[in-house]
J.: 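First the structure, then my questions, so here it is.
Counting from 1, the numbers follow the sequence of the chain as shown. Since the model is a prediction, treat every value here as computed from it, not as a measurement. No hydrogens, no waters, no symmetry mates; every other heavy atom, side chains included, goes into these values.
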Amino acid sequence: MSNPIITELKKRYTTKHYDASKKIPQEDLAIIYEALRLSPSSINSQPWKFLVIESEEAKQRFHDTFANKFQFNQKHAKTASHTILFAQKTHYTRADYEKVINADIKIGRTKIENKEQAFGAFAFVEMNTDDKGYNAPWTKSQTYIAFGNILNVVARLGIDSTAMEGVDHELISENFPELEGYRCDVALAIGYSDTDNDYNAALPKSRLSLGDILTVL
């Protein structure tokens, strides 16, 4: 199939070694950040926080979160140009959703007299919340939508990436108090591959055939 989108997706792979000397241009970072903001979520809940690891101090903090496990990902903490921590709110509340509704009112999407009616969509949250207000499995699902979105965005920008579920959410919470109230279970290292040392760069892309995964009725 000849299509720019498919070509770019065929080229992307999980980077195993980064060239620490190469940094993502600010103009590309701006696109990534806006794409994060524009990511979809159920009822437009946006129950997430994205923490970008850029400074050497932040990279050291992230490096230290691999003290107990997942050391195979530790090298990316300092060699990737940036790492994005994707964190979901563990107790998403009606007050959180009110911020979304107020933003809708501000831009004219929702009329102020319909504000209470707009809370009807919050039923989707309530169906996924326990008696202690915990709804992290649901908010995590929303956060993965944003994660998948950015995987494709960086591929289209010609930026390499490594999806990391191998992160220690407990040490991340300790080392990054900026994420209070949120839990990070996945991170995305982004930058440029050190192709001379990245064995995965030259390997053919492997996926199941379309017939194995797709049925059209």
J.: Quick one: closest heavy-atom pair of Y144 and D185, and the distance?
T.: OH-O, 4.4 Å

J.: Looking at F176 and A58, what are the two nearest heavy atoms and their distance?
T.: CZ-O, 3.8 Å

J.: Let me confirm one number: the CG-SG distance from L179 to C184, rounded to the nearest 0.5 Å.
T.: 6.5 Å

J.: With the threshold set at 4.0 Å, does a side-chain nitrogen-carboxylate oxygen contact exist between D104 and K106?
T.: no

J.: Of the options N197, T79, T162, which is the one that meets Y18 in a side chain to side chain donor-acceptor pair (under 3.5 Å)?
T.: T162

J.: For the residue pair I159 and G191, what are the closest heavy atoms and their distance?
T.: CG2-O, 3.4 Å

J.: Would R94 and E116 pass as an ion pair if we require N to O under 4.0 Å?
T.: yes

J.: Atom CD1 of residue position I112 - does it have more than 12 heavy atoms of other residues, nucleotides or ligands inside 6.0 Å?
T.: no

J.: In plain terms, say whether K11 and E8 are close enough for a salt bridge, that is, a side-chain N and a carboxylate O under 4.0 Å apart.
T.: no

J.: Quick one, I5 with R156, criterion side chain to side chain contact (heavy atoms under 4.5 Å, CB included). Give me CA distance, side-chain angles, the key distance, then yes/no.
T.: CA-CA 7 Å; I5 296 174; R156 299 211 67 185; 3.7 Å; yes

J.: Linking I/L/V/M/F/W/Y whenever any side-chain heavy atoms sit under 4.5 Å apart, do V52 and I24 land together?
T.: yes

J.: Mind listing the closest non-hydrogen atom pair of H17 and K75 along with its distance?
T.: CE1-NZ, 3.2 Å

J.: Can you give me every donor-acceptor pair (side chain of residues 67-74, partner residue at least two apart or in another chain, under 3.5 Å) with its distance?
T.:
residue	atom	partner	partner atom	Å
Q71	NE2	F66	O	3.1
Q71	NE2	A67	O	3.2
N73	ND2	G166	O	3.2
Q74	NE2	H63	O	3.0

J.: Give the other cluster members for L203, using side-chain heavy-atom distances under 4.5 Å between Ile, Leu, Val, Met, Phe, Trp and Tyr residues; answer none if it is isolated.
T.: Y199

J.: In the structure I gave you, are the side-chain heavy atoms of V100 and Q46 within less than 4.5 Å of one another anywhere?
T.: yes

J.: Does a side-chain N-to-carboxylate-O contact under 4.0 Å join K115 and E98?
T.: yes

J.: Tell me, with the steps shown, if T15 and Y192 meet side chain to side chain donor-acceptor pair (under 3.5 Å).
T.: CA-CA 8 Å; T15 299; Y192 301 98; over 6 Å; no

J.: So K89 and K49, do their side chains get closer than 4.5 Å, heavy atoms only?
T.: no

J.: Applying side chain to side chain contact (heavy atoms under 4.5 Å, CB included), run through R12 and S161 and close with a yes or a no.
T.: CA-CA 8 Å; R12 83 150 300 277; S161 65; 3.4 Å; yes

J.: In this structure, would I190 and Y33 fall into the same cluster of hydrophobic residues linked by side-chain contacts under 4.5 Å?
T.: yes

J.: To the nearest 0.5 Å, what is the distance between CZ (F62) and CD1 (I53)?
T.: 6.5 Å

J.: Kindly check if the number of other-residue, nucleotide or ligand heavy atoms within 6.0 Å of CD (Q117) is above 12?
T.: no

J.: Please report the interatomic distance CG(L157) to CG(N152), rounded to the nearest 0.5 Å.
T.: 11.0 Å

J.: Does S193 form a side chain to side chain donor-acceptor pair (under 3.5 Å) with D160? I'd like the steps, not just the answer.
T.: CA-CA 6 Å; S193 173; D160 298 313; 4.7 Å; no

J.: Can you find a pair of side-chain heavy atoms, one from T139 and one from T90, that are under 4.5 Å apart?
T.: no

J.: Would a 4.5 Å heavy-atom cut-off, applied to side chains only, mark I31 and E34 as touching?
T.: no

J.: Return each pair, listed once, that meets ring-ring contact (aromatic ring centres under 6.0 Å, His included) where at least one residue sits in residues 35-61; pairs must be two or more places apart or across chains.
T.: W48-F50, F50-F86

J.: A quick test of your reading: do over 12 heavy atoms of other residues, nucleotides or ligands sit less than 6.0 Å from CZ of F124?
T.: no

J.: What's the shortest heavy-atom distance between V186 and V167, and which atoms?
T.: N-CG2, 3.9 Å

J.: Tell me the closest heavy-atom pair linking S45 and W138, and the distance in Å.
T.: OG-CH2, 3.4 Å

J.: Between T195 and D198, does a side chain to side chain donor-acceptor pair (under 3.5 Å) hold up when you go through it step by step?
T.: CA-CA 5 Å; T195 52; D198 192 340; over 6 Å; no

J.: I want to check something: taking the side chain as every heavy atom from C-beta on, are E56 and Q60 in contact at a cut-off of under 4.5 Å?
T.: no

J.: Please round to the nearest 0.5 Å and tell me the distance separating atom OG1 of T65 and atom CD1 of I172.
T.: 5.0 Å

